[in-house]
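The structure under discussion appears below in the form of structure tokens.
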Amino acid sequence: MSSMKPKSTIVIFGATGDLAKRKLFPSIYKLYQKQKISEEFAVVGVARRPHTHESFRNYVKETIEEATKQELIDETFISHFYYHPFDVTNTDSYQQLKSLLEQLEEQYNIPGNRIFYLAMAPEFFGTISANLKAEGLTATNGWTRLVIEKPFGHNLQTAQKLNEEIRQAFSEKQIFRIDHYLGKEMVQNIEVIRFANAIFEPLWNNRFIANIQITSSETLGVEDRGRYYDHSGALRDMVQNHMLQMVALLAMEPPIKLTTDDIRSEKVKVLRALRPISHDEVDQYFVRGQYGRGFIRGKEVVGYREENNVDPNSNTETFVAGKLMIDNFRWAGVPFYIRTGKRMTEKSTKIVVQFKDVPMNLYYPTGETIHPNLLVIHIQPDEGITLHLNAKKSGESMKTTPIKLDYCNNCIDGINTPEAYEKLLYDCMRGDATNFTHWDEVASSWSFVDPISEVWENTKAVDFPNYEAGSMGPKAADQLLEKDGFHWWPISSTM
Ligand code: NAP
């Protein structure tokens, strides 16, 4: 890994699409603004739409102005952008792309380092990789890397097939699989909170932790992603990747060193230790939901089945709650509860670690309970940590009251945490794959998720829609915890 400013060309396949517009261009711009990349870079956009270099630059400029809400006066940045229109299934055009890259590498003094960013539907990943290799675009004097977006397969089998296709052209070390949750500041902070504080790690096990809850809720519905989402659902779209990645970071053993391989191998061990759920156990451990009509911040919204490009009898889940058991020494007996859904009360991603009760309640011998200690990690939209403790209620003899120690990352002036994509792009340019998912992680998480989706696909959810838009999901999600004697902690920003 080099500490010098990385020099590379970035080829964005799907440069006229939504992801490039909303995330990639603004992220490259911010890296440039912060002088994390040198003047020695070029971006080449690929898509079918007929743009010239000039009209593409205007388009990129507009997207950046939209994202930063500022006029882009200095045109130097934009001058690094080029456009090469072609259909990626057409093999002839790759030679022209190759010549363009060689010309730019000379012009900008870039030592043959190339990032191929596939911001396109996964059905093209195999074709593009194969053509890049066959036409010689991966043979350079520098390094070449492939960045790919989710979804990585539809189940283990299709993920394997996709992986084999891209592995024909790129080695595992060259493949950067994006899970944008891993680029989030507070997700990266999980590791630091755990391994840089002497007070947590000794308690981080089944002797002191009662359960861990991870919620990732959205208020949005499917918006214009109906066609994709109706074939995917919340389990594939959120659980297989983002939710399981957070579980792995919370549950992993301390790595020997903070190297990519050491961290990834500890995460994989967690995913392998997940108790497998067989077809007939799915109902015991998992709950699915689909939103009906309801109100989001006072505004009436339609149910999932009435959304554009969604089957009016759709069996697709827009909500998942689950109980995960990690069968190893550290976690035996501690449930990890996860839930995620669309059209919920609030947009929030939060982790609540609930500690076990003190061994004896000295303060309320007749019944009242003491609030358990909680460590809350706020991931988005707030970023911070809250520790819930008990203190003496002032005045009144010996009663307790819950108090909070709060640390808020984005409340502090000057801390303007970078967007996940900005960090991940920078990591990729520097060759740091720690916050990208290794194939072994992808494979283990599909193995866990597959039996659940098989059951859900083959049995119609007769109670769908089973939660109102604007609620916290179906009743069954609450019952999942109640039967273990727990409940979901609220996700409101005051937690
Ligand atoms: P999108 O808006 O539909 O963009 C697709 C891009 O691919 C367009 O630029 C399109 O441009 C180009 N394209 C399609 N067929 C082509 C072909 N045969 N040859 C060359 N170019 C072609 O999709 P997106 O939302 O940006 O998503 C891209 C990928 O990221 C998908 O895998 C998606 O699942 C994933 N993803 C997206 C987001 C997000 O926030 N958008 C988040 C997570 C993951 P032309 O029509 O001009 O050819």
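Counting starts at 1 for both ligands and their atoms, following the listed order. What you are looking at is a predicted structure, and each value in this text was computed from that prediction instead of being measured.
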**Request:** Say whether Leu19, considering both its backbone and side-chain N or O atoms, lies within less than 3.5 Å of an N or O atom on ligand 1.
**Result:** yes
**Request:** Flag the pair Arg57 and Glu54 as a salt bridge only when some basic side-chain nitrogen lies within less than 4.0 angstrom of an acidic carboxylate oxygen.
**Result:** yes
**Request:** Would you kindly say whether Thr316 and Asp230 are connected by a side-chain donor-acceptor distance under 3.5 Å?
**Result:** yes
**Message:** Is it the case that atom CD in Glu106 sees more than 12 heavy atoms from other parts of the structure closer than 6.0 Å?
**Reply:** no
**Message:** Does Lys36 qualify as a cation-pi partner of Tyr426, given the criterion of NZ or CZ under 6.0 Å from the six-membered ring centre and within 45 degrees of its axis?
**Reply:** yes
**Prompt:** N/O of Ala20 under 3.5 Å from N/O of ligand 1, yes or no?
**Reply:** no
**Asked** Where's the contact between His180 and ligand 1, heavy-atom distance under 4.0 Å: side chain, backbone, both or neither?
**Response** neither
**Asked** Which part of Arg48 is near ligand 1, with near meaning a heavy atom under 4.0 Å away: side chain, backbone, both or neither?
**Response** both
**Prompt:** Counting only heavy atoms, which portion of Phe124 has something under 4.0 Å from ligand 1: side chain, backbone, both, or neither?
**Reply:** side chain
**Message:** So for ligand 1, is Tyr421 a polar contact partner (N or O within less than 3.5 Å, distance only)?
**Reply:** no
**Item:** ring-ring contact (aromatic ring centres under 6.0 Å, His included) partners for Phe448, two or more places apart
**Value:** none
**Residue pairs involving residues 114-135 (criterion ring pair (Phe, Tyr, Trp, His ring centres under 6.0 Å); sequence neighbours excluded)** = none
**Min N/O separation Ala47 to ligand 1 under 3.5 Å** = no
